Every structure is written in C-alpha cells, then in structure tokens.
Peer 1: 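Below is one structure. I have some questions about it.
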Amino acid sequence: MRVSSVSKRKSEEERAMTELRSVSISGELLLDMHSLNNEAAEGNQQITRMVHIVNQDGELAVVNAVSGDMLKHIQAEHLHALAKTRGLPLCAGCRVFDANRVNKDTEFIDALPTDDYTEGLDRLIQHCAVDDAEGILVTAGKRSMARKSTVEFGWLVGLPDRTRTESYFHVKYDPRSRGEGSGDETGANVGQNIFYRPASSGVYAAVCTIEVSRIGWNDLSREYAIPDADRKARVKSVLESVALTFIEPAGAQRNTQNPHILGFRGVVSVSTGPVPAPTVSPLSTDFRAQVEAIAEQLNRSWPGSVTVHGFDSLSEFSRVMTDLAEAV
C-alpha cells in the first residue's frame, strides 16, 4: 500500500530544500599492484582491462581501468552486508546475494498486480532495500518492471602519465620437483605450469553520484513508498556502502594481489536543493577548483543549496561520508 501521507506532510519543494537531494564524488584514488578488472586470458597470459580515452589536451591515450560494473558490484555487496546487519527488508535473491535478486522471489513476483504498474513499483520498493537503491529489471513472472538505480559509478580510469601496467612471471608449484623430479620420459616438465599475470599501479580518476532523494521514491506516483524512518535507514546504509567501496575495493585477484591503497583526494559535493550536486572528472587537473566554481554559480540562483567538502586522504573522505550519513 502506498504511503501517501509521507509526501503530504511536506511539499516537494520544502522537502528538497531541507533534505539531501544528491551527493557526488570526484577523486583521485592511488592504487598500487592491483588486478581488479581483467578482460580475458590468451594462452598462459592474463589480459587486464585497458581503455582508450581523450585527455584534457585532446590527446588519445590507452590506460588501465576498472569498470563501473565492477565498482557497482562492490558497492552492492557492502550494502547487502549493511542491510542484513540492520534488518532492512531484502527479497529472496538479495538475502543470498543472488545476481537475479528479486527475480528469484517467484512468490512475490506472481503476487504483483498486472494492471497497476504504479502499485507494483510501490510494492517492489517496500519489499527490498537493495532493489530499491541499486535498481532492478523484473523479467520473471507475468510482467516486466524496471527500477532505475539511485547509485551511479563511472569507470575508474588511470591517469595517462601516472599509471602503469606490467605482466609478471608466475609458475605453479610442483612438490615433485624437490624430490623425484617432475620430468617425464621425454624430459618435459609435467605440472610446472608457467603463466603471466598483470598488475597495475597508479592514480585513478573516480566519479560517483548518489541520487539520495530517489531512495524509496516512486518515480510514477511522485511519492515516497516507505515511511521517513525506513527511508532514512536506507539512505544511511547507501552512503556508508559507497564509502566502503573506496575503503575496500573488492575485485579480481585479491587473494594474492590485494590493492595497496596509498591515498584518496578530491571533493564531495552535496545538494539540498533542486539542483544536482556537481561532479567533474579528475582526468582534469583542476577538477577540484571546477567543482567549487560550479557550486558557487549554482548557489547564485539557489542560495545555500550546494556545499563542497574537500578531502586529501582516505580518512578525511571517510569522515565526510560518515558525517553525511549521521546527519540523515
């Protein structure tokens, strides 16, 4: 059932001027010796993810990168853990972190109304905090239904002159080589598999936007589908999960190539008005100044609606995000 009384207590304009609308992160993340995102393997050579970009001077470059899909998966994993700890509602798929999420919850899908898309979206938002925040495409059951994500990640892109990728020699250990030897009658080595694995180090440009005001919001009815207390619990968990994504960037090869995180510097912009929180790619050397200048111009039309918080370390970034979560 739709919680229409929530939206009636305040007009949309009043709510927008007193609550978070959006949060954007622009930062340079310094990672050493990682292999978080690989494309494939050719023979005994593992191939890391490389992308073509254009730098601020209009020059082409090929750099190592981590896809936004990977970052979104990391953030969803952190949100899943926070939701379980805090007892937030989860669908059958999200309870076990299944990639199909609510599509795995066949009883719930079958009970959705087929003649009222708005009511169906209300029920979906109320049913699962992860599907609400992360977005979902319902393809099971009697009908399809889409929920747009409230969290958006760009690619984690290496700065062209400050990122390098190398391939390192590895060999599978065979204890027989210490005793009877691993060679067969032909003299060939048996079991000693040689392979090459990449590792990248450098400064990476990170961009992320959180549409805070859309958490729990039904885009069709233009009303919140859950009570204020429940929505605030979800907002807090989403903000914290994004912070944890940069504190612990899970991904490929972490068992032997856990990234060395040396630093994180940038800005967090926050909007409490009808304008979005600005973000500028750290591929631009003056991205911090640009974000601050954009915020200043937006505040000319909507005074006090945008604030910018700078940070020069991972601990300062954590403090900014924790302050935002606690202020919800």
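Atom set for the values below is all heavy atoms of this structure, side chains included, hydrogens, waters and symmetry mates excluded. Values in this document were obtained by computation on a predicted structure and should not be read as measured data.
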Peer 1: Testing the basics here: between Gly216 and Asp132, what is the closest heavy-atom pair and its distance to 0.1 Å?
Peer 2: N-OD2, 3.0 Å
Peer 1: Linking I/L/V/M/F/W/Y whenever any side-chain heavy atoms sit under 4.5 Å apart, do Leu262 and Val203 land together?
Peer 2: yes
Peer 1: Donor-acceptor check, side chain of Glu240 to backbone of Ala325, threshold 3.5 angstrom: yes or no?
Peer 2: no
Peer 1: Of the options Asp219, Asp131, Asp122, which is the one that meets Arg147 in a salt bridge (charged side-chain N to carboxylate O under 4.0 Å, His left out)?
Peer 2: Asp219
Peer 1: Which heavy atom in Leu159 sits nearest to a heavy atom in Ala205, and how many Å separate them?
Peer 2: CD1-N, 3.7 Å
Peer 1: Taking atom CD of Gln297 as the centre, report whether more than 12 heavy atoms of other residues, nucleotides or ligands fall under 6.0 Å from it.
Peer 2: yes
Peer 1: My understanding is that only residues two or more places apart in sequence, or in another chain, count here; which of them pass side-chain hydrogen bond (donor to acceptor under 3.5 Å, both in side chains) with Thr150?
Peer 2: none
Peer 1: Ignoring hydrogens, what is the shortest heavy-atom contact between Val267 and Gly310? Give both atom names and the distance.
Peer 2: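 Result for this residue pair: CG1-CA, 4.1 Å.
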Peer 1: Run the side chain to side chain contact (heavy atoms under 4.5 Å, CB included) check on Met145 and Arg123 step by step: do they pass?
Peer 2: CA-CA 11 Å; Met145 182 178 297; Arg123 294 187 187 181; over 6 Å; no
Peer 1: Let me see the working for Trp155 and Val63 under side chain to side chain contact (heavy atoms under 4.5 Å, CB included), right down to the final yes or no.
Peer 2: CA-CA 12 Å; Trp155 284 69; Val63 296; over 6 Å; no
Peer 1: Got a donor-acceptor contact below 3.5 angstrom from the Asn103 side chain to the Ala140 backbone?
Peer 2: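 Flag set: sc Asn103 to bb Ala140 pair under 3.5 Å.
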Peer 1: Just to verify, which of Ser269, Ser26, Ser24 counts as forming a side chain to side chain donor-acceptor pair (under 3.5 Å) with Thr279?
Peer 2: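 So, applying the side chain to side chain donor-acceptor pair (under 3.5 Å) to Thr279 and each of Ser269, Ser26, Ser24, only Ser26 qualifies.
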Peer 1: Check whether any side-chain heavy atom of Ser271 lies under 4.5 Å from a side-chain heavy atom of Pro276, and answer yes or no.
Peer 2: no
Peer 1: Could you list the residues that satisfy side-chain hydrogen bond (donor to acceptor under 3.5 Å, both in side chains) with Asn55, not counting sequence neighbours?
Peer 2: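 Glu59.
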Peer 1: Return the set of residues passing side-chain contact (heavy atoms from CB on, under 4.5 Å) with Lys72 (not counting sequence neighbours), or none when no residue passes.
Peer 2: Gln75, Glu134, Ser149, Val151, Phe153
Peer 1: Which atom pair, heavy atoms only, marks the closest approach of Ala129 to Leu88?
Peer 2: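 Looks like CB-CB, 4.1 Å.
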Peer 1: When you compare the side chain of Leu31 with that of Leu36, does any pair of heavy atoms fall below 4.5 Å?
Peer 2: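 Yes; the side chains approach each other to less than 4.5 Å.
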Peer 1: Which residue pairs pass the side-chain hydrogen bond (donor to acceptor under 3.5 Å, both in side chains) test with at least one member in residues 313-325, sequence neighbours excluded?
Peer 2: Ser313-Ser315
Peer 1: The criterion is side-chain hydrogen bond (donor to acceptor under 3.5 Å, both in side chains); which residues satisfy it with His80, sequence neighbours excluded?
Peer 2: none
Peer 1: Begin with the C-alpha distance, continue with both residues' side-chain angles, and end with the deciding distance and a verdict on side chain to side chain contact (heavy atoms under 4.5 Å, CB included) for Ile261 and Leu30.
Peer 2: CA-CA 6 Å; Ile261 306 175; Leu30 179 52; over 6 Å; no
Peer 1: Hey, could you give me the CG/CG distance between Leu137 and Asn100, rounded to the nearest 0.5 Å?
Peer 2: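 The distance works out to 11.0 Å.
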Peer 1: Is there a side-chain contact between Cys128 and Arg101 in this structure, where contact means two heavy atoms from C-beta onward sitting under 4.5 Å apart?
Peer 2: no
Peer 1: Quick check for you: to the nearest 0.5 Å, what is the distance between His34 atom NE2 and Leu29 atom CG?
Peer 2: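 Spacing of NE2 (His34) from CG (Leu29) equals 8.5 Å.
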Peer 1: Just how far is it from atom CG of Asn218 to atom CD1 of Ile125, taken to the nearest 0.5 Å?
Peer 2: 4.5 Å
Peer 1: What salt bridge (Lys or Arg N to Asp or Glu O under 4.0 Å) pairs are there with at least one residue in residues 274-288, not counting sequence neighbours?
Peer 2: Arg288-Asp312
Peer 1: Passes side chain to side chain contact (heavy atoms under 4.5 Å, CB included), Ile109 versus Leu112? Steps please.
Peer 2: CA-CA 5 Å; Ile109 296 296; Leu112 287 175; 4.2 Å; yes
Peer 1: Between the side chains of Arg86 and Ser237, does any donor sit under 3.5 Å from an acceptor?
Peer 2: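 Looking only at side-chain atoms, Ser237 and Arg86 do form a donor-acceptor pair, the distance falling under 3.5 Å.
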Peer 1: Do you know the tightest heavy-atom contact between Leu90 and Cys94?
Peer 2: CD2-CB, 4.1 Å
Peer 1: Any pair with a residue in residues 99-122 that passes ring pair (Phe, Tyr, Trp, His ring centres under 6.0 Å), sequence neighbours left out, goes on the list, sorted by first then second residue, please.
Peer 2: Phe108-His127
Peer 1: How far does CG of Leu220 sit from CG of Leu121, to the nearest 0.5 angstrom?
Peer 2: 5.5 Å
Peer 1: For Pro274, is there any backbone N or O sitting under 3.5 Å from a side-chain donor or acceptor partner on Arg21?
Peer 2: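 Yes, the answer is positive, given that a donor and an acceptor are paired below the 3.5 Å cut-off.
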Peer 1: Rounded to the nearest 0.5 Å, what's the gap from CG on Leu283 to CD1 on Ile53? Could you check?
Peer 2: 5.0 Å
Peer 1: Identify the two heavy atoms, one from Glu119 and one from Pro113, that lie closest to each other, and give their separation to 0.1 Å.
Peer 2: CG-CG, 4.0 Å
Peer 1: Look up atom CD1 in Ile215 and atom CD1 in Ile226, then write down how far apart they are to the nearest 0.5 Å.
Peer 2: 8.5 Å
Peer 1: Do the rings of His73 and Phe97 sit parallel, tilted or perpendicular, given the 30° and 60° boundaries?
Peer 2: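 Rings of His73 and Phe97: tilted, 30 to 60°.
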Peer 1: Side-chain heavy atoms under 4.5 Å apart, restricted to Ile/Leu/Val/Met/Phe/Trp/Tyr: what other residues fall into the cluster of Val207, or is it alone?
Peer 2: none
Peer 1: Please, which pairs that meet salt bridge (Lys or Arg N to Asp or Glu O under 4.0 Å) have at least one residue in residues 269-281, sequence neighbours excluded?
Peer 2: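 Counting only pairs at least two positions apart or across chains, no salt bridge (Lys or Arg N to Asp or Glu O under 4.0 Å) contact touches residues 269-281.
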Peer 1: Answer with yes or no whether the hydrophobic clustering places Val130 together with Val96; edges join I, L, V, M, F, W, Y residues whose side-chain heavy atoms lie under 4.5 Å apart.
Peer 2: no
Peer 1: Transitive ILVMFWY cluster of Val54 at side-chain heavy atoms under 4.5 Å: who else is in it?
Peer 2: Leu60
Peer 1: Please list, chain by chain and in numerical order, all residues satisfying side-chain hydrogen bond (donor to acceptor under 3.5 Å, both in side chains) with Lys148, sequence neighbours excluded.
Peer 2: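 Here the qualifying residues are Glu152, Glu211.
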Peer 1: Are Ser144 and Thr139 linked by a side-chain donor-acceptor pair shorter than 3.5 Å?
Peer 2: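 Looking only at side-chain atoms, Thr139 and Ser144 do not form any donor-acceptor pair under 3.5 Å.
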Peer 1: Just by modelled atom types, is the Arg49 backbone N or O under 3.5 Å from a matching donor or acceptor in the Asn64 side chain?
Peer 2: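 Yes: the side chain of Asn64 pairs with the backbone of Arg49.
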Peer 1: Would a 4.5 Å heavy-atom cut-off, applied to side chains only, mark Val212 and Val328 as touching?
Peer 2: no
Peer 1: Partners of Phe287 by ring pair (Phe, Tyr, Trp, His ring centres under 6.0 Å), sequence neighbours excluded?
Peer 2: none
